[in-house]
Amino acid sequence: MSKTWTAVDRFFEEHLVSTDPALEAALAANRRAGLPEIDVTPLQGRFLELLVRMSGARRALEIGTLGGYSTLWMARALPEGGTLLSLELDPRHAEVARGNLKAAGVAGRVEVRVGRALDSLDALIAAGSEPFDLIFIDADKSGYPGYLDRALKLARPGTVIVGDNVVREGKVANAASRDANVQGVRRFAELVGQEPRLRATVLQTVSTKGYDGFLVAVVIA
Ligand code: SAH
Ligand code: DHB
Ligand code: MG
């Protein structure tokens, strides 16, 4: 199937996602720097752009920057005066991301903060941070339950919370899995389901990156 999925991605990319030099340059820079090629796909980046535009988000938070490819998609969708904070553990990833964001002309509205995401989130909460309008969770999958807990503390009614890579080629359905990533996204989904402040669904996706999916939630109270 994956050949079909790639062909379909190409078709829709060609028609819906015009070639963008800054985004292409970011992927090329990531490759040159030897970063793993685990960024969202162009059509998935467009999906993040749509979520930012549809929610009217002005303050966005990303957990897991890598080379800033998804960051770029969201940053460009923000309105005038909008800001994005992206949290990244690896200083080398953050450096590449900062270069890409600068080259794309959005460095002024994006901050990449280095450190364990959980520590950065706790620091934001302790500092009494304003709530974020959209939170994209895409770092280590075993950390998702903790990120959800912190995201709720940094949210307000209407905040959109998205988790990437929750399907994992269907492995999420295997309760007996010993994969910490699988157990992380399973627990994440359970916690979302138990949280009365959230309404959520999952969009299973197929793409050049294989079979995966997004969990999309909105804070209702
Ligand atoms: N959002 C990116 C891809 C992120 S890949 C995109 O789609 O373009 C996941 C990133 O999370 C990696 O860069 C990894 O270094 C980072 N990461 C892993 N564990 C982390 C942690 N504990 N805190 C912050 N970032 C972490
Ligand atoms: C991996 C991480 C991601 O965020 C992703 O979209 C795909 C793969 C990984 O860690 O392998
Ligand atoms: Mg991801």
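The structure displayed is predicted, hence computed values, not measured ones.
Side-chain atoms of Gln183 come within 3.5 Å of backbone atoms of Ser177 as a donor-acceptor pair (strictly under, hydrogens ignored). Formation of a donor-acceptor pair under 3.5 Å by the Glu88 side chain with backbone atoms of Asp90 is found in this model.
Residues that satisfy the ring-ring contact (aromatic ring centres under 6.0 Å, His included) test with Phe188, not counting sequence neighbours, are Tyr144. Phe132 is linked by a ring-ring contact (aromatic ring centres under 6.0 Å, His included) to nothing, counting only residues two or more places apart in sequence or in another chain. Applying the salt bridge (charged side-chain N to carboxylate O under 4.0 Å, His left out) rule to Asp179 yields no partners; only residues at least two apart in sequence or on another chain are considered. Arg197 pairs by the salt bridge (charged side-chain N to carboxylate O under 4.0 Å, His left out) definition with nothing, not counting sequence neighbours. Every residue meeting the side-chain contact (heavy atoms from CB on, under 4.5 Å) condition with Thr205, not counting sequence neighbours, appears here in chain and number order: Gln44, Asp212, Phe214. With sequence neighbours excluded, no residue satisfies salt bridge (charged side-chain N to carboxylate O under 4.0 Å, His left out) with Arg92. Partners of Asp138 under the salt bridge (charged side-chain N to carboxylate O under 4.0 Å, His left out) rule, at least two apart in sequence or in another chain, are Lys141.
Trp5 and Leu43 are not part of a single hydrophobic cluster, where members link through side-chain heavy atoms under 4.5 Å apart. Tracing side-chain contacts under 4.5 Å through hydrophobic residues (I, L, V, M, F, W, Y), one never reaches Leu215 starting from Val40; they form parts of separate clusters. Hydrophobic clustering (ILVMFWY, side-chain heavy atoms < 4.5 Å, transitive): Leu203 and Trp73 are in one cluster.
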*Given Leu61 and Leu84, is the side chain to side chain contact (heavy atoms under 4.5 Å, CB included) satisfied, shown in steps?*
CA-CA 6 Å; Leu61 172 66; Leu84 196 167; over 6 Å; no
*Would Ile161 and Val219 count as a side chain to side chain contact (heavy atoms under 4.5 Å, CB included) if you check the C-alpha gap in whole Å, the side-chain angles of each, and the deciding distance to 0.1 Å?*
CA-CA 8 Å; Ile161 300 177; Val219 177; 4.1 Å; yes
_Steps toward side chain to side chain contact (heavy atoms under 4.5 Å, CB included) verdict (Ile137, Val162)_ = CA-CA 6 Å; Ile137 302 175; Val162 183; over 6 Å; no
*Could you check Leu87 against Thr65 for side chain to side chain contact (heavy atoms under 4.5 Å, CB included), going step by step and ending with a plain yes or no?*
CA-CA 6 Å; Leu87 309 178; Thr65 317; 5.6 Å; no
*Would Arg53 and Glu49 satisfy salt bridge (charged side-chain N to carboxylate O under 4.0 Å, His left out), going step by step from the backbone distance to the final call?*
CA-CA 6 Å; Arg53 290 188 187 279; Glu49 171 184 346; 2.9 Å; yes
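Asn100 approaches Ala25 most closely through the heavy-atom pair OD1-O, 4.3 Å. The shortest heavy-atom contact between Ala151 and Ile135 is O-CD1, 3.7 Å. Residues Asn30 and Gly67 come closest through the heavy atom pair OD1-CA, 3.5 Å.
Cluster partners of Val96, by chain and number: Leu35, Ile38, Leu66. The rule joins Ile, Leu, Val, Met, Phe, Trp and Tyr whenever side-chain heavy atoms lie under 4.5 Å apart.
Using a 4.5 Å heavy-atom threshold, the side chains of Pro42 and Phe47 count as separate.
With 3.5 Å as the limit, one finds a donor-acceptor pair spanning the side chains of Glu62 and Ser70.
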For residues 114-129, run the donor-acceptor check on the side chains, cut-off 3.5 Å, and write out each pair with its distance to 0.1 Å, sequence neighbours left out.
from: Arg116; atom 1: NH1; to: Asp119; atom 2: OD1; distance (Å): 3.4
from: Arg116; atom 1: NH1; to: Asp119; atom 2: OD2; distance (Å): 3.4
from: Asp122; atom 1: OD1; to: Arg150; atom 2: NE; distance (Å): 2.6
from: Ser129; atom 1: OG; to: Arg59; atom 2: NH2; distance (Å): 3.3

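Within the structure, every pair that satisfies the salt bridge (Lys or Arg N to Asp or Glu O under 4.0 Å) test and touches residues 152-166, not counting sequence neighbours, is listed here: Asp133-Arg156, Asp149-Lys153. Applying the ring pair (Phe, Tyr, Trp, His ring centres under 6.0 Å) definition to pairs two or more places apart or across chains, none involves residues 90-128. For residues 11-28, the side-chain hydrogen bond (donor to acceptor under 3.5 Å, both in side chains) pairs, not counting sequence neighbours, are Asp20-Arg76.
When the options Leu148, Ile220, Val218 are evaluated for a side chain to side chain contact (heavy atoms under 4.5 Å, CB included) with Leu198, the one that passes is Leu148.
Remark: Glu37 engages Arg31 in a salt bridge, criterion side-chain N to carboxylate O under 4.0 Å.
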